[in-house]
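What follows is a short report on a single structure.
Order of listing sets the numbers, starting from 1, for every ligand and every atom in it.
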Amino acid sequence: MKLHEYQAKALFREVGIPCPADRAVSTAAEAVEAAKALGLPVVLKAQVHAGGRGKAGGVKLVSKLEDIKPTAEKILSLTIKDLPVRKLLVAPAAEIKKEVYLSILIDRGTRKAVFIGCAEGGVEIEETAKTNPGAILRYEVAAKELQTLQHAKVMPFALKLFSNPKQAAEVADIMVKLAKLFADKDASLIEINPLIADGHDKIIALDAKMIVDDNAMFRHAELEPLRDMDSENQDELDAKAQGLSFIPLDGTIGCMVNGAGLAMATMDTIKHVGGNPANFLDVGGSSSPDKVVAAFRLILKNPKITAILINIFGGITRCDDIAKGILQSLEQMNVPVPIIVRLVGTNEEQGRKLLEGTKLGTAKSLVEGARKATELGGRA
Ligand code: GDP
Ligand code: MN
């Protein structure tokens, strides 16, 4: 789950990471009030889950009070990367003496958290990574050290961002707090771009981006109200409401599987035989025929689908329930692509019987199913 800048900064303040004394507002009138209270000039910033807000006209410096209302109205009327701007952050404009990039994220390769830093901030880090990879600094932190990171340990890294020892010490202090916040909130990313030295030579976070691992949201009830429905994938939400886990992907072969591990193995096998999965879909343990119908609807919403592979290993899930669901689906909707079914486990005989005489393809093993779906549906 992504947090907006103003939400991430509220968490920063709780843990003592310095950021501007800004205010989030929803109307132009509130923006005027906030600007009066904060003092001019201010920066008005669109709160949307999209990068490059500046380029899209979503970040404006305003020096005159009479310009606040029209500028705020303009930004609130924008749609940035298909997302409506519903909130603005009004921030006292900071003087930027130096700006750097700082983030902490999960490195799956090393299975650690890693700080990424770059002395050239403000710009897109992805660009720098391509054009000047040597400028990207890394500092790895093992999971168990995140909550107790030592200031002295990160000082050398901080000194590469700000050579002034006093400023580097402030950066190191921010890193210690970031690491703890990262672990406490089960974040997968916290990014400050830019982290600046302001007019008083103080280090402050001028921007903030934070992503919390959705799989850990069950232990962060306090964060749930921060979820922005505008940027949630509607299909994923619908799936969740129906007890399915669904994640859309780029490929063409629709997958319907019971169990997350088997769903992953199914996608891997499709790739292995030269195909490309269109989605991850776990219909869960006890699969009623209704769930299968819902799963078909989700898969078929994607116009790129060329074949569907149904891979069921019946345990608690009964193969005859799945077969009934498949038959109901075929009655209720037009399925314009070949379907390959592999049913094994609880009640597999009954399941197969139910499907006899239909046009469905069958497979005895996962590899065979993946091959058939890939051959019928075309290679990626
Ligand atoms: P982003 O474009 O979505 O990353 O939004 P940012 O908050 O990072 O703002 C984009 C750029 O606007 C920053 O890199 C700064 O150069 C500039 N900017 C933002 N806030 C201020 C401010 O308070 N003072 C000044 N001088 N520039 C700012
Ligand atoms: Mn930024």
Side-chain angles (χ1 to χ4, degrees), residues 2-13 17-25 31 34-65 67-68 71-72 74-76 78-105 115-129 131 135-136 161-162 167 171 174 178 187 189-211 228 230-231:
K2 291 178 180 172
L3 301 193
H4 285 295
E5 176 186 2
Y6 77 93
Q7 297 168 332
K9 282 181 173 169
L11 295 179
F12 282 10
R13 278 185 202 106
I17 295 172
C19 32
D22 46 29
R23 293 193 190 181
V25 300
K36 278 185 191 159
L38 295 168
L40 291 156
V42 292
V43 182
L44 300 182
K45 304 172 85 176
Q47 298 297 290
V48 282
H49 290 312
R53 295 171 302 172
K55 276 188 205 151
V59 180
K60 295 278 182 213
L61 181 79
V62 185
S63 319
K64 293 189 204 142
L65 192 60
D67 291 341
I68 300 278
T71 311
K74 180 98 194 294
I75 300 178
L76 282 166
L78 291 177
T79 302
I80 300 176
K81 295 190 182 147
D82 291 335
L83 297 167
V85 180
R86 300 195 197 273
K87 271 196 176 349
L88 285 182
L89 194 61
V90 184
E95 183 190 332
I96 303 180
K97 281 201 177 160
K98 177 175 164 133
E99 51 185 343
V100 308
Y101 175 96
L102 178 66
S103 68
I104 178 167
L105 51 105
F115 278 105
I116 303 286
C118 181
E120 302 166 24
V123 292
E124 278 182 38
I125 194 77
E126 292 84 356
E127 261 319 295
T128 310
T131 56
I136 309 274
L161 295 177
F162 285 90
Q167 290 179 333
V171 173
I174 291 172
L178 270 182
L189 169 80
I190 306 179
E191 182 185 83
I192 304 176
N193 188 24
L195 177 72
I196 66 157
D198 72 3
H200 310 286
D201 298 311
K202 264 198 59 71
I203 304 296
I204 58 172
L206 207 61
D207 191 8
K209 184 173 169 184
M210 182 160 170
I211 303 176
D228 178 351
D230 286 338
S231 56

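Residues passing the side chain to side chain donor-acceptor pair (under 3.5 Å) test with Asp228 are His4, sequence neighbours excluded. Under the rule for a side chain to side chain donor-acceptor pair (under 3.5 Å), Glu120 has no partner lying at least two apart in sequence or in another chain. Annotation: side chain to side chain donor-acceptor pair (under 3.5 Å) contacts of Arg23 (sequence neighbours excluded): none.
Across every non-hydrogen atom of Pro41 and Ser63, the tightest pair is CB-CA, 3.9 Å. Scanning all heavy atoms of the two residues, the minimum distance from Leu40 to Val62 falls at CD2-O, 3.8 Å. The minimum heavy-atom distance linking Lys97 with Gly199 is given by the pair NZ-O, 3.4 Å. For the pair Pro20 and Ala205, the tightest heavy-atom approach, listed with the atom from each and the gap, is CD-O, 3.1 Å.
For atom 22 (C) of ligand 1, a protein heavy-atom neighbour is found at a distance under 4.0 Å. Of the protein's heavy atoms, none falls inside 4.0 Å of atom 10 (C) of ligand 1.
Checked by atom type and distance alone, the side chain of Lys209 never pairs as donor or acceptor with a backbone atom of Ser103 at under 3.5 Å.
Short contacts between ligand 1 and Asp207, defined as distances under 4.0 Å to a heavy atom of the residue, involve ligand atoms 1 (P), 4 (O), 5 (O), 6 (P), 7 (O), 8 (O). Short contacts between ligand 1 and Ala93, defined as distances under 4.0 Å to a heavy atom of the residue, involve ligand atoms 23 (O). Against a heavy-atom cut-off of under 4.0 Å, Pro194 is close to the following atoms of ligand 1: 8 (O), 14 (O). If you number the atoms of ligand 1 from 1 as listed, the ones under 4.0 Å from a heavy atom of Ala94 come out as 22 (C), 23 (O), 24 (N), 25 (C), 26 (N). Within the listing of ligand 1, atoms 2 (O) sit less than 4.0 angstrom from a heavy atom of Gly54.
Contacts with ligand 1 closer than 4.0 Å are made by backbone heavy atoms (N, CA, C, O) of Asn193 only, the side chain lying farther away. Residue Glu99 touches ligand 1 through its side chain alone, judged by heavy-atom distances below 4.0 Å. Using a 4.0 Å cut-off between heavy atoms, Lys45 contacts ligand 1 through its side chain alone, with no backbone atom that close.
Protein heavy atom nearest atom 5 (O) of ligand 1, with residue, atom name and distance: Arg53 NH2, 3.1 Å. Regarding atom 15 (C) of ligand 1, its nearest protein heavy-atom neighbour is Ile96 CD1, 4.0 Å. Protein heavy atom closest to atom 19 (C) of ligand 1, with residue, atom name and distance, is Leu206 CD2, 4.0 Å. The protein heavy-atom contact nearest to atom 12 (O) of ligand 1 is Val59 CG1, 4.2 Å.
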### Task
Apply the test salt bridge (charged side-chain N to carboxylate O under 4.0 Å, His left out) to residues Asp201 and Lys98: give CA-CA distance (whole Å), side-chain angles for both, the deciding distance (0.1 Å), then the verdict.
CA-CA 9 Å; Asp201 298 311; Lys98 177 175 164 133; over 6 Å; no
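In this structure, the side chains of Ile211 and Leu3 stay at 4.5 Å or more apart for every pair of heavy atoms. A heavy-atom distance below 4.5 Å is not found between the side chains of Glu95 and His200.
Counting only protein N, O or S atoms, the number found under 2.8 Å from the Mn ion (ligand 2) is 2.
Atoms NE2 and CG, on His49 and Asp230 in that order, are 8.5 Å from each other to the nearest 0.5 Å.
None of Asp22, Leu88, Leu89, Ile75 except one satisfies the side-chain contact (heavy atoms from CB on, under 4.5 Å) rule with Lys45; the exception is Leu89.
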